[in-house]
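Chain identifiers are assigned alphabetically (A, B, ...) following the order of the sequence lines, protein sequences preceding nucleic acid strands; residue numbering begins at 1 within each chain. Bear in mind the structure is a predicted one, so any value in this text is a computation, not a measurement.
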There are 2 protein chains.
Amino acid sequence: MVESKSEHIDHVFHALAHPARRAILQRIARGEQSITELAAPFDMSLEAVSKHVQVLERARLLDRTRAGRAYRCRFRPAPLRDAAKILSELAGLWGRQLDGLEKLLLELERRS
Amino acid sequence: MVESKSEHIDHVFHALAHPARRAILQRIARGEQSITELAAPFDMSLEAVSKHVQVLERARLLDRTRAGRAYRCRFRPAPLRDAAKILSELAGLWGRQLDGLEKLLLELERRS
DNA sequence: GCGACACTCAACAAAACGGTTGACAGTCAT
DNA sequence: ATGACTGTCAACCGTTTTGTTGAGTGTCGC
């Protein structure tokens, strides 16, 4: 069950393509949250939110560890760097100075 | 048939989540191409490629104008700026120096 | 131990996706 | 006018997505 690099970036963009998932990412980017906490603002079943979390996990944008009966969901920014790189490439920004976003995402990655 | 801003960014990320569509974008980023030309490298029917082009069009990443019997497909980078902004925000890079990518995408937009 | 809590799993359903094929409609070249 | 070329439309197919419910599992507090 290997996952090619191409498959992974597909998962990342797919994960970002849903407003609920982007909202979840915004929340955990500000601090770890349990699934129940993440579900609270949504007019959606807990199970639905759980599935969104799984999609984010598949994209490796989210990390979950068990903490008692709850899960602690943690933001993992690394794949954003890959996504940003593709946007840069598409914008034709090859080799120019503008890889600032990439550099900063790498920095964030180092500090985590 | 209005399209909310949120719907639009959904379309953008969705469009980017398929390797064939990213390949199409790479090609037209280097120059306009007809649909038949775009289809050539793919092991896929012309109709399938035509549908991918429609998805890119919905995301406003692609612009098509009729030129005789063919269509001229043109790259439209503007939505990449919105996508990059979301990545920046998620990376928690608010207000820091690192909006280089955004600035350059805006510049690209201005020049088109 | 008992119940409330935090989730997952399994099954289902509706809609969207990604692809095919066949028929059709303009447009260009002769 | 004919025919080749470029592409769409409509129908269909199987799979994935996105959501629902209901039942089940493990954990915490008392």
Side-chain angles (χ1 to χ4, degrees), chain A residues 1 3-4 6-25 27-28 31-74, chain B residues 1 3-4 6-28 31-75:
Chain A
M1 218 178 89
E3 181 187 73
S4 82
S6 162
E7 277 168 14
H8 177 232
I9 193 65
D10 292 354
H11 290 334
V12 174
F13 281 122
H14 171 72
L16 292 167
H18 194 292
R21 288 191 292 260
R22 290 195 303 273
I24 288 173
L25 287 181
R27 309 257 311 285
I28 61 173
E32 301 180 0
Q33 300 236 282
S34 73
I35 295 184
T36 302
E37 285 168 343
L38 287 174
F42 294 108
D43 184 19
M44 202 189 299
S45 70
L46 179 67
E47 173 71 2
V49 173
S50 174
K51 285 186 181 177
H52 282 303
V53 166
Q54 286 173 47
V55 170
L56 291 167
E57 210 175 5
R58 182 178 64 173
R60 288 178 242 164
L61 285 162
L62 184 151
D63 198 90
R64 61 206 311 200
T65 53
R66 197 92 197 227
R69 54 187 163 183
Y71 282 95
R72 287 173 38 231
C73 298
R74 195 148 151 265
Chain B
M1 213 175 97
E3 181 186 74
S4 81
S6 162
E7 276 169 13
H8 177 232
I9 194 66
D10 293 354
H11 291 334
V12 173
F13 281 121
H14 171 73
L16 292 168
H18 194 292
R21 287 191 293 258
R22 291 195 302 274
I24 288 173
L25 286 181
Q26 280 185 25
R27 309 258 310 287
I28 60 172
E32 302 180 0
Q33 300 237 283
S34 74
I35 296 186
T36 302
E37 284 168 344
L38 286 173
F42 294 109
D43 185 19
M44 201 187 302
S45 69
L46 179 67
E47 172 71 1
V49 173
S50 174
K51 284 187 181 177
H52 283 304
V53 166
Q54 286 174 48
V55 171
L56 291 167
E57 210 175 4
R58 182 179 64 172
R60 288 177 242 163
L61 285 162
L62 185 149
D63 197 270
R64 62 210 305 206
T65 52
R66 199 93 197 227
R69 52 187 164 186
Y71 282 96
R72 287 173 39 229
C73 298
R74 195 148 150 263
F75 182 45

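- Each of A:Asp43 and B:Arg64 was matched to the nucleotide of DNA chain D holding its nearest heavy atom; the match closer to the 5' end belongs to B:Arg64.
- Checked against D:dG26, C:dG19, D:dG7, the side chain of B:Ser34 finds its nearest nucleotide in D:dG7.
- For C:dC17, the OP1/OP2 oxygens have no side-chain nitrogen or oxygen of B:His11 closer than 4.0 Å.
- Side chain of B:His14, nearest nucleotide from D:dT21, C:dC17, D:dT6: C:dC17.
- Phosphate contact (OP1/OP2 of D:dT25, side-chain N/O of A:Arg66, threshold under 4.0 Å): absent.
- Side-chain proximity of B:Ile35 to the nucleotides C:dC7, D:dG7, D:dT18 is greatest for D:dG7.
- Counting only heavy atoms from C-beta on, A:Thr36 has its side chain closest to C:dC7 among D:dT6, D:dT20, C:dC7.
- One finds a side-chain N or O of B:Arg21 lying less than 4.0 angstrom from the OP1 or OP2 phosphate oxygen of C:dG18.
- Remark: P of D:dT6 and CD of B:Gln54 are 18 Å apart, rounded to the nearest angstrom.
- Taking only side-chain nitrogens and oxygens, A:His52 comes nearer than 4.0 Å to OP1 or OP2 of D:dG19.
- Regarding contacts with the backbone of C:dG19, a side-chain N or O of B:His18 is found under 4.0 angstrom from either OP1 or OP2.
- Place A:Ser50 and B:Met44 on DNA chain C by their nearest nucleotides, and A:Ser50 ends up nearer the 5' end.
- Remark: B:Arg69 is not in phosphate contact with D:dT8, judged by side-chain N or O atoms under 4.0 Å from OP1 or OP2.
- Counting only heavy atoms from C-beta on, B:Ala48 has its side chain closest to C:dT20 among C:dT20, C:dA6, C:dT27.
- Rounded to whole Å, atom P of C:dC17 lies 15 Å from atom CG of A:Asp10.
- Looking at every heavy atom in both residues, A:Glu37 comes nearest to A:Pro41 through O-CD, 3.6 Å.
- Between the OH atom of B:Tyr71 and the P atom of C:dA25 there is a distance of 15 Å, rounded to whole Å.
- Proximity of A:Ser45 to the phosphate of D:dT21: no side-chain N or O atom is located under 4.0 Å from OP1 or OP2.
- Judged by atom type and distance alone, B:Lys51 reaches the base of C:dT20 through a side-chain donor-acceptor pair under 3.5 Å.
- When all heavy atoms of B:Pro19 and A:Asp10 are compared, the closest pair comes out as CD-OD2, 3.4 Å.
- Regarding A:Leu46, its CG atom lies at a distance of 17 Å from the P atom of D:dT18, rounded to whole Å.
- Minimum interatomic distance between A:Leu16 and B:Phe13 (heavy atoms only, all atoms of both residues): O-CD1, 3.4 Å.
- To the nearest angstrom, P of D:dC5 lies 22 Å from CZ of B:Arg72.
- Summarising the geometry of A:Leu61 relative to A:Ile28, their closest heavy-atom pair is O-CD1, 4.5 Å, with the distance given to 0.1 Å.
- Here the closest heavy-atom approach between residue B:Ala15 and residue B:Arg21 is recorded as O-NE, 2.9 Å.
- One can place CG of B:Leu16 at 14 Å from P of C:dC17, the figure rounded to the nearest angstrom.
- A donor N or O paired with an acceptor N or O is found under 3.5 Å between the base of D:dC9 and the side-chain atoms of B:Glu47.
- With respect to A:Glu32, the side chain to side chain donor-acceptor pair (under 3.5 Å) criterion is satisfied by exactly one of A:Arg27, A:Arg64, A:Arg72: A:Arg72.
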